Amino acid sequence: MPDMSASASLAMTHLVSFAKEVDEDKVTPGVLGFIVFAAMALAVWALMKSMSRHMNRVDFTQVPDPKADQPEQSPADADATAAEAEPSSQGAKKQG
């Protein structure tokens, strides 16, 4: 056992000297930051793969609009059609 504590003490001495070489005013993310970043990168990759799979399943063909087959009336034509319908009902009221 004394050998083990001596080697542990020697290892700690090397780690402490290494720690003093690092600037104490400098903040680094460390291993935990790398693990969090890697987990987020994997999550984004999985979500993109899932989204791609779902987008490939979507059918993008459009059904033609039945109203598109009929020619659209211009506003002037619509007013003329409405004017033709109104005099017949107004004429009956004026006569009576």
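As the structure is a prediction and not an experimental result, all values here were calculated from the model. The residues of the chain are indexed from 1 along the displayed sequence.
Hydrophobic clustering of Ile, Leu, Val, Met, Phe, Trp and Tyr side chains at less than 4.5 Å, counting indirect connections, unites V58 with M48. If you chain together hydrophobic residues whose side chains sit under 4.5 Å apart, V44 and F37 never meet in one group.
The hydrophobic cluster containing V31, built from Ile/Leu/Val/Met/Phe/Trp/Tyr side-chain heavy atoms closer than 4.5 Å, also comprises I35.
In terms of the side-chain contact (heavy atoms from CB on, under 4.5 Å) criterion, residue partners of M40 (sequence neighbours excluded) are, by chain and number, V36.
For the atom pair M55 CE and S50 OG, the distance stands at 11.5 Å (nearest 0.5 Å).
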